[in-house]
**Q** 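After the structure tokens below, expect a handful of questions from me.
Predicted, not measured: the structure shown is a model, and the values here were computed from it. The chains referred to below are lettered A, B, ... by the order of the sequence lines, with proteins before strands, and numbering in each begins at 1.
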2 protein chains.
Amino acid sequence: MDPRSGYPIYLQIVEQIQRAVAVGRLTPGEQLPTVKQLASDLLVNPSTIARALRELEHLGIVDSLAGRGSWVRRDGATAAASRVAGDAVASALAAAVREARALGVDRTQLRDLFTSAVETWYRDDA
Amino acid sequence: MDPRSGYPIYLQIVEQIQRAVAVGRLTPGEQLPTVKQLASDLLVNPSTIARALRELEHLGIVDSLAGRGSWVRRDGATAAASRVAGDAVASALAAAVREARALGVDRTQLRDLFTSAVETWYRDDA
DNA sequence: TGTATTGTACTAGGCACGTAGTACATGCAG
DNA sequence: CTGCATGTACTACGTGCCTAGTACAATACA
């Protein structure tokens, strides 16, 4: 959770929860902390949490009810989380590949650059 | 040249010239059209062209002199253009790979997504 | 029924960035 | 020296987006 990463806070929260669901660290039916709780834990404004929740609901990963709280959706949450992850990565890769093509980089160079990027960022685990 | 692509105009210009140099469509020592000329050709403000030129100069691809004009640098322009292209693509790929990792996508899935992206965007040529 | 707790909707401030505009410095030619 | 064309520097405007704040609606429970 880094406010000055240039990367929006609410998206960082979305990613973390989304990943937790995809990996199984959060299970379908499980209740999430309240907006206030998360806000005070992460030292951000409740509105920012709310926005992240709205996004997660829109993605089909979380269900929220006013006066009750928020839960990981019982049906399809895990699948939705995986699908969302795949879509996000696919579109990021598409952007990179399109740029490569626009700049006149050929398939082989592109492949090498990709391999090297993977080596760099997937060093130990994953 | 699409003003409403969400992608900055001056960067589109930078990319086009940079690619033209890398590919050899613009040769070292060759003079570029004037700022006004480019502006009227591309239907954008001269300041936008100027910004693109400034960027290209900073990248070591172009040399500009007030009162004279702009030229593709005689020494190293082609190499610089290729290097810049490589760097840009590498950083775009790094962003995608980092995101993949953050979202819990494993190596195999990532590789598949990449292959499919390449298939999509390098269909015919290149 | 009333109160507390939860999420929601809406608004406003601020910041970053791209673009346009204008005035300026530089070089060349007559 | 003068006039013209070139690139340059600086400023101002507009826009989009994130974040914070505030008021509101919905639910649970005593």
**Q** When you check the side-chain N and O atoms of A:Ser116 and A:Glu119, is any donor under 3.5 Å from an acceptor?
**A**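 Short answer, no.
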
**Q** With heavy atoms under 4.0 Å as the rule, sort B:Ser47 into base, sugar-phosphate or nothing.
**A** base

**Q** Using a cut-off of less than 4.0 Å, is there contact between a side-chain N or O of B:Thr48 and OP1 or OP2 of C:dA20?
**A**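 Looking at the OP1 and OP2 atoms of C:dA20, one of them is under 4.0 Å from a side-chain N or O of B:Thr48.
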
**Q** Name the nucleic acid region contacted by B:Gln12, choosing base, sugar-phosphate or nothing; use a 4.0 angstrom heavy-atom cut-off, strictly under.
**A**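 Nothing, no nucleic acid heavy atom in range.
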
**Q** Of A:Leu43 and B:Ser70, whose nearest nucleotide on DNA chain D comes first from the 5' end?
**A**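 First, find each residue's nearest nucleotide; the 5'-ward one identifies B:Ser70.
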
**Q** Taking CG from A:Asp63 and P from C:dT6, how many angstroms apart are they, rounded to a whole number?
**A** 18 Å

**Q** Give a yes/no answer on whether the side chain of A:Asn45 brings an N or O atom under 4.0 Å of OP1 or OP2 in D:dT19.
**A** no

**Q** Indicate, with a heavy-atom threshold strictly under 4.0 Å, whether A:Leu65 touches base, sugar-phosphate, or nothing.
**A**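 Answer is sugar-phosphate: A:Leu65 comes under 4.0 Å of backbone atoms only.
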
**Q** Quick check: on DNA chain D, is the nucleotide nearest A:Gly67 upstream (toward 5') of the one nearest A:Arg51, or the reverse? Name the residue that is more 5'.
**A**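 Its nearest nucleotide being more 5', the pick is A:Arg51.
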
**Q** So what does A:Ser64 touch, heavy atoms closer than 4.0 Å: a base, only the sugar-phosphate, or nothing?
**A**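 Sugar-phosphate contact only.
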
**Q** Let's see if you can work this out: which of D:dT8, C:dA20, C:dG18 has an atom nearest to the side-chain heavy atoms of B:Pro8?
**A**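 Nearest to the side-chain atoms of B:Pro8, counting from C-beta on, is C:dG18.
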
**Q** Provide, to the nearest angstrom, the distance between the CG atom belonging to B:Asp2 and the P atom belonging to C:dT19.
**A**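 After rounding, the reported distance stands at 11 Å.
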
**Q** Which nucleotide wins on minimum distance to the side chain of B:Arg54, given the candidates D:dA9, C:dT19, C:dT6?
**A**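 Closest of the options to the side chain of B:Arg54: D:dA9.
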
**Q** Nearest of D:dT19, C:dT19, C:dG7 to any side-chain atom of B:Tyr10?
**A** C:dT19

**Q** Take the protein atom CD1 of A:Ile13 and the nucleotide atom C1' of D:dC18, then report the distance between them rounded to whole Å.
**A**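 Checked: the CD1 to C1' distance equals 12 Å.
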
**Q** To the nearest 0.5 angstrom, please state how far the CH2 atom of B:Trp71 sits from the CG atom of B:Leu65.
**A**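 Taking CH2 in B:Trp71 and CG in B:Leu65, the distance rounds to 6.0 Å.
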
**Q** Roughly, in whole Å, what's the span from CG in B:Leu32 to P in D:dA5?
**A**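 Roughly 20 Å, once rounded to whole Å.
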
**Q** Specify the separation, in whole Å, of atom CD of B:Glu55 and atom C1' of C:dG18.
**A** 13 Å

**Q** Between A:Val35 and A:Tyr10, is there a shared hydrophobic cluster once you connect ILVMFWY residues whose side-chain heavy atoms come closer than 4.5 Å?
**A** no

**Q** Atom CZ in B:Arg101, atom CD in B:Glu99: separation rounded to 0.5 Å?
**A** 14.0 Å

**Q** A cation-pi test, strictly: NZ or CZ of B:Arg98 under 6.0 Å from the centre of the six-membered ring of A:Trp121 and no more than 45 degrees from its axis. Yes or no?
**A** yes

**Q** By nearest atom, which of the nucleotides C:dT8, D:dT6, D:dT27 is closest to the A:Arg68 side chain?
**A**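 Selected nucleotide: D:dT27.
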
**Q** Does a donor on one side chain and an acceptor on the other come within less than 3.5 Å for A:Ser70 and A:Glu57?
**A** no

**Q** Under 4.0 Å, counting only non-hydrogen atoms across every strand here, what does A:Gln37 touch: a base, just sugar-phosphate, or nothing?
**A**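 Nothing, no nucleic acid heavy atom in range.
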
**Q** Round to the nearest Å and state the distance from A:Leu11 atom CG to D:dC18 atom P.
**A**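 One finds 7 Å between P of D:dC18 and CG of A:Leu11, rounded.
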
**Q** Between A:Leu53 (CG) and D:dA26 (P), how many Å, whole number?
**A**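 Value for this atom pair: 18 Å.
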
**Q** A:Lys36 has an atom NZ; how far is it from atom C1' of C:dT8, in whole Å?
**A** 14 Å

